[in-house]
Amino acid sequence: MSGLQPVRGTHDLLPDDMRRHRHVIETARRAALCFGYQEVATPIFEFTEVFKRTLGDTSDVVTKEMYTFTDKGGETVTLRPENTASVARALISGGLNQHLPLKYFYAGPMFRYERPQKGRLRQFHQTGVELLGVREPGGDVEVIAAGVEFLRRLGAWDRCVLELNTLGDTASRQAYRQVLVAYLNDHRGRLSKDSLERLEKNPLRVLDSKDESDQKIVANAPLSSEYLTPEARDFFAAVRDGLETLGISYQINQRLVRGLDYYSHTCFEITCAELGAQKTVLAGGRYDGLVAMMGGPETPGVGWASGVERCAMLLGETPPAPRPVAIVPMGANAERKAAAIAADLRRQDFVVDLGFSGNMGKRMKRANKIAAVAAIILGDEELARGEAALKLLDSGEQKNVRLGDLAAALAPYR
RNA sequence: GCGGGUGUAGCUCAAUUGGUUAGAGCGCCAGAUUGUGAUUCUGGAGGUUGCGGGAUCGUGCCCCGUCACUCGCCCCA
């Protein structure tokens with residue numbers, strides 16, 4: 001093994017991996033496009049403030065996971081740990097609130113300084129959608145439906161579970177938070193060390209604890225659903241109703257909370273148990289306060305992000321590479337002719353492999369190795385007749401074809 | 001950031017409780033085959049046993065450190 005290794009938590013995507021990766025992104029893009037979402041790309045780094053202000057000063061993402069550095073101009077910038085804050089920033093920078101509602105799709109790398117595990121990398125990739133400027137619960141429903149459609153096309157939806165919860169509006173959230181903190185404080189003595197810390201930073205997170213003792217306490221904790229304002233309750237009912245109309249099945253999980261500060265109302269998470277500890281493949285929610293929090297105009301938003309690497313693990317077969325046509329010339333004369341034939345076929349969008357050296361045997365071996373559908377064999381005898389030998393490599397069948405008819409003869413195998 | 005497990009050829013794995021020159025399959029290269037791949041046969045290349053230190057007459061195997069991967073925690077996509 002070589003001493004040269006990639007940076008911890010980063011990976012090379014060699015062709016097989018890359019095709020899986022590409023397939024996931026293309027599937028997400030096409031699904032999102034069907035809902036009218038258009039692709040955008042924001043820079044992979046932003047001024048650190050963009051993430052610091054929006055994610056919450058106590059979130060792990062901000063406190064320990066950001067790749068932050070000072071550039072040569074003395075600016076403090078951060079590699080994006082997620083894309084929603086960037087999109088919100090772009091909306092403000094570009095004055096895009098003139099054009100609401102906006103429906104955006106994105107795909108690209110994200111960076112978090114974490115301890116790597118399966119399905120958790122330091123450079124990973126996400127696809128996602130953001131719907132900006134829509135206050136109605138129908139927006140939440142559409143966004144979730146787009147995520148479900150994506151996973152359905154991927155062939156993964158029937159192995160996934162959609163969990164749904166509401167955090168309520170600000171008033172609901174504050175009321176519940178107060179009650180929960182009071183309850184948890186009464187049981188301080190039996191809370192785990194981690195949860196004592198959560199109690200300070202993000203009390204809702206205690207609901208999510210995997211610690212057994214915590215779970216016993218949480219089991220009797222007051223429920224957030226009992227502290228919703230009538231408006232928040234109606235909103236959530238409308239979202240649920242919308243999903244049911246579409247036949248999208250879900251489970252209510254009252255302990256489902258989001259790590260990032262900007263969420264309100266609907267939050268959801270789609271998991272696939274076969275992935276182990278990092279089983280969330282797609283998650284999101286509503287973030288009505290985000291744009292305003294960043295200093296922009298009050299703009300509601302809802303969206304999700306999905307992990308490309310995690311989705312790629314759910315794929316069965318690796319999507320095949322396109323099968324080329326190999327050209328096998330013999331002799332200098334044929335070689336020149338081969339270049340012209342290759343150029344002509346490529347102009348017609350055939351995938352053509354023309355080797356750089358080797359005798360016929362070598363070139364045929366290479367044709368086989370790259371899984372060519374056919375070999376166009378060019379020898380002086382054939383060329384003298386204005387023909388080539390066309391050999392189909394799956395069947396071994398071989399026939400002579402006039403040079404002008406090659407494209408037509410190959411059309412069925414394109 | 002915390003705890004457990006694992007590192008032997010490009011890949012998957014062997015290597016008697018510490019004992020000569022670390023093996024196999026697959027893959028790769030070459031030849032059989034100077035106008036035919038895939039199949040078959042023959043041959044070949046490829047290793048600082050992750051790296052560094054220590055104990056031992058002697059280590060792939062024991063001890064310490066380190067790096068990477070992996071499982072879980074934290075957190076998250």
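Remember, it's a predicted structure, so these values are computed and weren't measured experimentally.
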Enquirer: Measure from CG on A/L121 to P on B/C69 and round the result to the nearest Å.
Expert: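 Nearest whole value for this atom pair: 9 Å.
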Enquirer: Among A/R323, A/K369, A/R366, exactly one meets salt bridge (charged side-chain N to carboxylate O under 4.0 Å, His left out) together with A/D353. Which residue is that?
Expert: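 The salt bridge (charged side-chain N to carboxylate O under 4.0 Å, His left out) with A/D353 is passed solely by A/R366 among A/R323, A/K369, A/R366.
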Enquirer: Is any N or O donor-acceptor pair between the side chain of A/E382 and the base of B/G35 shorter than 3.5 Å?
Expert: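 Check passes, donor-acceptor contact within cut-off.
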Enquirer: Can we say A/R159 and A/E274 salt-bridge, meaning some charged N sits less than 4.0 Å from an Asp/Glu carboxylate O?
Expert: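 Salt bridge: yes.
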Enquirer: Mind checking the C1' distance from B/U33 to B/C69? Whole angstroms is fine.
Expert: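 Result for the C1' pair: 45 Å, nearest Å.
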Enquirer: Considering only heavy atoms and no angle criterion, is a donor-acceptor pair shorter than 3.5 Å present between the side chain of A/R120 and the base of B/C74?
Expert: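 Indeed, a donor on one side and an acceptor on the other fall under 3.5 Å apart.
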Enquirer: Side-chain N or O of A/K279 less than 4.0 angstrom from OP1 or OP2 on B/C76?
Expert: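 It does not, given that no N or O in the side chain of A/K279 lies less than 4.0 Å from OP1 or OP2 of B/C76.
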Enquirer: Can you measure A/K399 atom NZ to B/U36 atom C1' for me and round it to whole angstrom units?
Expert: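 Rounding to the nearest Å, NZ of A/K399 and C1' of B/U36 are 17 Å apart.
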Enquirer: Round to the nearest Å and state the distance from A/L393 atom CG to B/U39 atom P.
Expert: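 Whole-Å distance recorded here is 13 Å.
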Enquirer: Tell me whether the side-chain N or O atoms of A/K118 pair up with the base of B/U70 as donor and acceptor below 3.5 Å, since no angle test is needed here.
Expert: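 When only heavy-atom distances are counted, A/K118 does not reach the base of B/U70 through any donor-acceptor pair under 3.5 Å.
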Enquirer: Starting at atom CG of A/N368, determine the distance to atom P of B/U36, rounded to an integer number of angstrom.
Expert: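 In whole Å, B/U36 P and A/N368 CG are 15 Å from each other.
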Enquirer: Checking all strands, does A/E269 fall into the base, sugar-phosphate, or nothing category for heavy-atom contacts under 4.0 angstrom?
Expert: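 The answer is nothing, as A/E269 stays clear of every strand by at least 4.0 Å.
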Enquirer: We want to know whether A/T170 and A/R173 form a side-chain donor-acceptor pair, criterion being a heavy-atom distance below 3.5 angstrom.
Expert: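 Side-chain D/A pair, A/T170 to A/R173: absent.
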Enquirer: Of all the nucleotides listed (B/C69, B/A30, B/U36), which has the minimum atom distance to the side chain of A/I377?
Expert: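 Given the options B/C69, B/A30, B/U36, the side chain of A/I377 is closest to B/U36.
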Enquirer: Would you check if A/Y250 and A/I144 make a side-chain contact, meaning some heavy-atom pair closer than 4.5 Å?
Expert: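 Not touching, per the 4.5 Å side-chain cut-off.
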Enquirer: Counting any heavy atom closer than 4.0 Å, what does A/A367 reach on the DNA or RNA strands: base, sugar-phosphate only, or nothing?
Expert: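 No contact.
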Enquirer: Under a 4.0 Å N-O cut-off, is there an ion pair linking A/R286 with A/D140?
Expert: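 Here A/R286 pairs with A/D140 in a salt bridge, since their nearest N and O are under 4.0 Å apart.
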Enquirer: Picking from B/C69, B/U36, B/C73, which would you name as closest to the side chain of A/Q117?
Expert: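 Per side-chain heavy atoms of A/Q117, the pick is B/C73.
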Enquirer: Can you figure out which of B/A38, B/G35, B/A77 approaches the side chain of A/K365 most closely?
Expert: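 For A/K365, the side-chain atoms sit closest to B/A38.
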Enquirer: Which nucleotide, in any strand shown, forms a Watson-Crick or G-U wobble pair with B/U16, with both distances under 3.5 Å?
Expert: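 Partner of B/U16: none found under 3.5 Å.
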Enquirer: Quote, to the nearest angstrom, the P distance that separates B/G46 from B/A30.
Expert: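 Comparing P positions in B/G46 and B/A30 gives a spacing of 16 Å.
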Enquirer: Looking only at atom P, what distance separates B/A22 and B/C28, rounded to whole Å?
Expert: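 Going atom to atom, P in each nucleotide, I get 26 Å.
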Enquirer: Assign A/L282 to base, sugar-phosphate, or nothing according to its heavy-atom contacts below 4.0 angstrom with the strands shown.
Expert: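 The answer is sugar-phosphate, as A/L282 gets under 4.0 Å only of primed atoms, P, OP1 or OP2.
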Enquirer: So what does A/E309 hit on the nucleic acid, given a heavy-atom distance under 4.0 Å: a base, only sugar-phosphate, or nothing?
Expert: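 It contacts nothing in the nucleic acid.
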Enquirer: Looking for any heavy atom pair under 4.0 Å, which part of the strands does A/G119 touch: base, sugar-phosphate only, or nothing?
Expert: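 Here A/G119 touches the bases of the nucleic acid.
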Enquirer: Just how far, in rounded Å, is C1' of B/C76 from OH of A/Y113?
Expert: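 After rounding, the gap between these two atoms is 17 Å.
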Enquirer: When you get a sec, tell me which of B/A77, B/U36, B/C73 is the closest nucleotide to the side chain of A/M364?
Expert: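 Closest of the options to the side chain of A/M364: B/U36.
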Enquirer: Within 45 degrees of the axis of the six-membered ring of A/F111 and under 6.0 Å from its centre: does A/R80 put its NZ or CZ there?
Expert: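 No, a cation-pi geometry is absent between A/R80 and A/F111.
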Enquirer: Considering only B/A30, B/G37, B/C74, which nucleotide approaches the side chain of A/Q278 most closely?
Expert: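 Shortest atom-to-atom distance from the side chain points to B/C74.
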Enquirer: Regarding A/E381 and A/R385, does a basic nitrogen lie under 4.0 Å from an acidic carboxylate oxygen?
Expert: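 Salt bridge flag = no for A/R385 with A/E381.
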Enquirer: With RNA chain B as reference, determine whether A/I270 or A/L392 sits nearer its 5' end, using the nearest nucleotide of each.
Expert: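 This one resolves to A/L392.
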Enquirer: With A/R29 as the cation and A/F105 as the aromatic partner, state whether NZ or CZ is under 6.0 Å from the six-membered ring centre and within 45° of the axis.
Expert: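 No, A/R29 does not lie over the aromatic ring of A/F105.
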Enquirer: Using the C1' atoms only, state how far B/C11 lies from B/G7, rounded to an integer number of Å.
Expert: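 Approximately 15 Å lies between the C1' atom of B/G7 and that of B/C11.
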Enquirer: Using a heavy-atom cut-off of under 4.0 Å over every strand shown, decide if A/K193 touches base, sugar-phosphate, or nothing.
Expert: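 The residue A/K193 makes no contact with any strand.
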Enquirer: Check the phosphate of B/U36 against A/Q398, side-chain N and O only, distance under 4.0 Å to OP1 or OP2. Yes or no?
Expert: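 Looking at the OP1 and OP2 atoms of B/U36, neither is under 4.0 Å from any side-chain N or O of A/Q398.
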Enquirer: Can you check the distance between B/A15 and B/A9, where both ends of the measurement are the P atom (answer in whole Å)?
Expert: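 B/A15 and B/A9 have their P atoms separated by 15 Å.
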Enquirer: With a 4.0 Å cutoff (strictly under), does any side-chain N or O of A/K369 reach OP1 or OP2 of B/C29?
Expert: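 Yes.
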Enquirer: Are A/E335 and A/R363 ion-paired here, with the side-chain N under 4.0 Å from a carboxylate O?
Expert: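 Salt bridge present between A/E335 and A/R363.
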Enquirer: Pick the P atom in B/G35 and in B/C41, then give their distance to the nearest Å.
Expert: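 So the two P atoms sit 26 Å from each other.
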Enquirer: Tell me what A/G284 touches on the nucleic acid: a base, only sugar-phosphate, or nothing, going by heavy atoms under 4.0 Å.
Expert: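 Contact class for A/G284: none.
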Enquirer: Does a nitrogen or oxygen in the side chain of A/R8 sit under 4.0 Å from OP1 or OP2 of B/C67?
Expert: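 Answer is no, no contact under 4.0 Å.
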Enquirer: Quick one: A/R115 CZ to B/G5 C1', roughly how many Å, whole number?
Expert: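 Spelled out: CZ on A/R115 to C1' on B/G5 is 12 Å.
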Enquirer: Write down the distance between NE2 (A/H11) and P (B/C69), rounded to a whole number of angstrom.
Expert: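 Roughly 7 Å, once rounded to whole Å.
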Enquirer: Between the side chain of A/S93 and the main-chain N/O of A/R89, is any donor-acceptor distance below 3.5 Å?
Expert: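 Yes; at least one donor-acceptor contact below 3.5 Å.
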Enquirer: Could you tell me how far apart A/L256 (CG) and B/C75 (C1') are, to the nearest whole angstrom?
Expert: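 To the nearest whole Å, that distance equals 14 Å.
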Enquirer: By a strict heavy-atom criterion of less than 4.0 Å, which residues belonging to residues 15-48 of chain A are in contact with RNA chain B?
Expert: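 The stretch gives none, as no residue of it lies under 4.0 Å from the strand.
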Enquirer: When only distance counts, do a donor and an acceptor, one from the side chain of A/R310 and one from the base of B/C76, lie under 3.5 Å apart?
Expert: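 Side chain to base: pair found, below 3.5 Å.
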Enquirer: Taking only the C1' atom of each, what is the distance from B/C51 to B/A68 in whole angstrom?
Expert: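 Comparing C1' positions in B/C51 and B/A68 gives a spacing of 10 Å.
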Enquirer: If you measure from the P atom in B/G72 to the same atom in B/C64, how many Å do you get, rounded?
Expert: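 Rounded to whole Å, the distance is 26 Å.
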Enquirer: Strictly below 4.0 Å, N to O, side chains only: are A/R120 and A/E309 in salt-bridge contact?
Expert: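 Here A/R120 does not pair with A/E309 in a salt bridge, since their nearest N and O are not under 4.0 Å apart.
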Enquirer: Please name the nucleotide paired to B/C73 by Watson-Crick or G-U wobble geometry with both distances under 3.5 Å, or report none.
Expert: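 WC or wobble partner is B/G1.
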Enquirer: Within the 4.0 Å heavy-atom criterion, would you say A/G358 contacts the bases, only the backbone, or no part of the nucleic acid?
Expert: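 Contact class for A/G358: none.
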